[in-house]
S.K.: 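Below: one structure in structure tokens.
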Amino acid sequence: MSAWRKLFRSEDSKQDLDEEIASHLAMAAADRRSRGVDADRANAEVMHEFGNVALVKDVTREAWGWAWIERLQQDFRYALRQIRRSPGFATAVIGTLALGIAATAAMFTVVDHVLLQPLPFKSSSRMVHIELAGFAADSYSGAPYLDIAAWREQMQSLESIAFFGLGINGRSFLQHDNSAMQVEFTRVSANLFPTLGVSPQLGAGLPDRPEEFARTADTNDVVLSDAAWRTVFGADRNILGKTVHINDEPYTVVGIMPRGFFFPDRPESPQAWAPITLGALDRGRTFDTPNYEVIGKLRPGVNMAAALAELKTVQARVSQGYVDPEWRKRSAQVTMKKYSDTLVGVDKRRALMALTSASGLLWLIACVNATNLLLARASARAREMAVRGALGASCRRLVQQLIVEGVILSGLAALIGAGLAIAAVALFHHTLQRQLSISVPAVPNVTVIIALAALTIVSAILSSAWPALLAARSPIEPALRQGGLQGGVSRAQHRTRGGLVIAEIAMSLALLAACGLLLRTIYALRHVPLGFRTDHIIVANLEIPTYRVAKTNATTSIYEPLLERVQHLPGIDAAGLVTEVPLGQTFTMKLALDRKDETSGGKSNPITVSFKAVSPTLQRVFAFPILRGRYFTEHDTAAADPVVVVNRAFANAFSPDEQDPGKIIGKRLLMMVKDGKQATVVGVLEDFHQSSVGTPSQPEIEASIPQITPDSGFYTVLEGIAMDLAVRTRRKPSEVIPELRAALKQASPELAGSNFSTMDQIVEDSYGSQMLAARLLETFAGSALLLCVAGLYGLLAYVVSQRTREMGVRFALGAARSDVVWLVMRQAGTLVISGVAIGLALAYLAGKLVRSYLYGVSPHDGWTLAAVALVLIAAGAVAAYLPALRAADIDPVEALRAE
Amino acid sequence: MAKEVYQNRVELLQGTLDLLILETLRWGSQHDYGISQAIRVRSGERLQVETGSLYPALHRLERQKWVKSQWSLTGQNQRAKFYELTKTGREQLARDRSRWETMVGAIAGVLGPIPEPES
């Protein structure tokens, strides 16, 4: 029989071997009988000659080569039996490991989704993002076409360069039948998709004529994303060549991109792409020249530093083409970043890394705890191991069996942990969505499952290999001796377990410290005066159909009627419109305002300011404190002089030498309309927080909506992209919101789908990442503390049970109960104090990691560290209490009785 | 302890035991008891194969596909498992024999002629 068949019919093979040996014995006996030996003696001699039948069978079966599988099966079954026999122990280990694995798996799911998932283009690691860094401080600055063309010709390190529309130029709506769906509409160069290495799943896509480099691409072609195709057109295969309308303009569909493709960023709505038309404005480098975002593909084998160096040299030449000497200098500054890095900000990445380390720490603590439990168990089973060894089990066999037990325990823990992780992710779904703008899928993907399996195996190895080795290597004789149970754990093992508990305590301290720091941050944030009222305000975030706004005067056709209607609803105290409510984090327009500095000899030194459009009624909703001057009134119409209101931060930035911010009133700032009058400052507001509670107030200019007419250059951006409706009302939101929605729908049908929220909720959400981190750390730190207490308790209880005899002797010799209690507490104390000492060092490091989250508290805050240390010492005292009591209750007579 | 001894003995004879078994089977199929008897007889009672080595060796040879086995009846109406050489077994036997002879020749060359006893 071949070996494989033997494997599957192992019983048959064994029987076969038995028969073979039996026939051998029979034949040998027959032989002897034929020589005249009598039957009984023949049998005896034959048996003697044969040797140890069982051993021969064993060795032969070894030779078959798959005895190890059988042994594994045996170990497996035995392990299950052991687990069933001591359910308490098994639950403790499984629970501990499940906690650690759940935390790490949940964090990994998030990290995988945000950081590790590859971009949907080929060789995404070679994609770089190039920008001119010298112009605006913190916002994107693309490059004009002439620069891009120059780079294309002169750069050797880049295989190809493509470009696409800069920033948001308004909301776009894809119109079909009678509905309009918001899409992310990006204009791209014709060679973008080939540069990315992606072709449409349907159709030819944008025509790529490399020799012309996007010069004459047909304007009216469009490529849709898979999501757009499916949602709007129901995956109609005849879509190619059909005309669709985007923003009221007709486009011909020439391609559908594959599912899962996105560009430039992860989509919140379906995407569509159309080619850029280069026009007369692209021929120069003036103020009106459109800027594009540039993405390039490095040649294989070229590293980014070399490419950047080449780019800088090339740009030094190219920047000579700028007319304005100031621009010439600024345009020479270029930066290059990996494209994948631009999608996830450095802060976010650091935050995720910090949280992952925290969860990793929790997992380590869980493993340490499990190891401790398994060590205790192993020493309890020392006798069993000794008997096995005496019966002939090899060291390897013992270790194998204990590791199988460990693997089963951690396998079960992993299953439970996975379930907990999924639950946790679902729980944090809303916060994650808001903070990291990701929607984590409920079912983990393959990467996560593989990571989970790896975690399990590593946990098993960490927790059980070591106790297994210790148990297998321990000498047999002492364990078998009578009284071996109290024979004492070896000094080394005791020190090891103590060391493990100290490590646990140290790591828990670090987690608790980080948690404490974050809680203090939240407290500090909550008590920052915001600079405006937040109570009883309902906010609607409107999605403005930009194309419609461009054709009419939105002020008269949409906004003023809307305000009228809303103000006349019952129970509304005040209503106002603003491009973005403070802390809204939806949309801000940033402007680089030149100010001719008298002191620096007329050189322009731009400051970045936020620019918002507001309705005069807004003041009644938010009650911004006015420092000087006035707010907008109904008299500030399109016919009157253009006026603006600024905040204190702006006044300080504009005239840094001026002490009195009020002096800015009366200054003329900017032109609202080309060739029109310059707007005058009429009021200065106190500072208030715009982007987040933790960031100081930024310079801001506000203009009145009625004064922003369609001929203003700012019209499209300020009124045509986003607008928030803020309503002050004492009524309940659930009652008011449907009425507001009806009013919105009347103003313009697309507005009916807007999101509603309250100002309090928006403020809550703006704490965002700190809140998320704080909540997560609370969970981690709390679990770590529990595990610590359990670990310490386990160790002390074990020690006391081991030393009952010794305690009995002490009592007999006259020790008081309190002395014995003190003995136990002292032992606990040494462990806790050493743990806390090491933990403080770890906490120092932990503080450094979460530094970017903190607000209003230093990463090495003494109060927090002291408080946390006290918490741990108290926890240690609690853990030691019961074992100490038990030690005190030992009856000396019982303890000293012979065993 | 006992198991250690067995392993040692299997180690010593492993190569040559296979050779002996294959050679014994050259003359026809034989059952395991017969094989051990044949080796004992033909070596002039000098080589006594332990069953603890024989069985593993036989099963190992079968796994290598150099012998194949079949249950059959002996002359005395005893049911026994008969082993016989396969074609590859024959080739292996030839290889083993030549290797053995090479080794014997080499050792003999080193040892030189048998020294004359001192008289």
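Here is the naming used below: chain letters follow the sequence lines, and residue numbers restart at 1 for every chain. Computation of the quantities below employed the complete heavy-atom set of this structure, encompassing side-chain atoms and omitting hydrogens, waters and symmetry-equivalent molecules.
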S.K.: Say you draw a straight line from CD of Gln78(B) to CE of Met27(A); how long is it, rounded to the nearest 0.5 Å?
M.R.: 6.0 Å
S.K.: Going from CD on Glu20(A) to NE2 on His31(B), what distance comes out if it is rounded to the nearest 0.5 angstrom?
M.R.: 11.0 Å
S.K.: CZ of Phe76(A): more than 12 outside heavy atoms within 6.0 angstrom?
M.R.: no
S.K.: Once the angle between the rings of Tyr55(B) and Phe50(A) is folded into 0 to 90°, is it parallel (under 30°), tilted (30 to 60°) or perpendicular (over 60°)?
M.R.: tilted
S.K.: When you look at CH2 of Trp71(B), are more than 12 heavy atoms from neighbouring residues, nucleotides or ligands closer to it than 6.0 Å?
M.R.: yes
S.K.: Could you check whether atom CZ of Arg396(A) has more than 12 heavy atoms from other residues, nucleotides or ligands sitting under 6.0 Å from it?
M.R.: no
S.K.: With a 4.5 angstrom heavy-atom cut-off, is it the side chain or the backbone of Ile21(A) that approaches chain B, or both, or neither?
M.R.: both
S.K.: Out of curiosity, Gln37(B) CD to Asp31(A) CG, how far, rounded to the nearest 0.5 Å?
M.R.: 5.5 Å
S.K.: For Arg95(B), does the CZ atom sit with more than 12 other heavy atoms under 6.0 Å from it, leaving out its own atoms?
M.R.: yes
S.K.: I'd like to know if Glu19(A) pairs up with Arg79(B) as an ion pair, taking the criterion as any Lys NZ or Arg NE/NH1/NH2 lying under 4.0 Å from an Asp or Glu carboxylate oxygen.
M.R.: yes
S.K.: Is it the case that atom CD in Glu101(B) sees more than 12 heavy atoms from other parts of the structure closer than 6.0 Å?
M.R.: yes
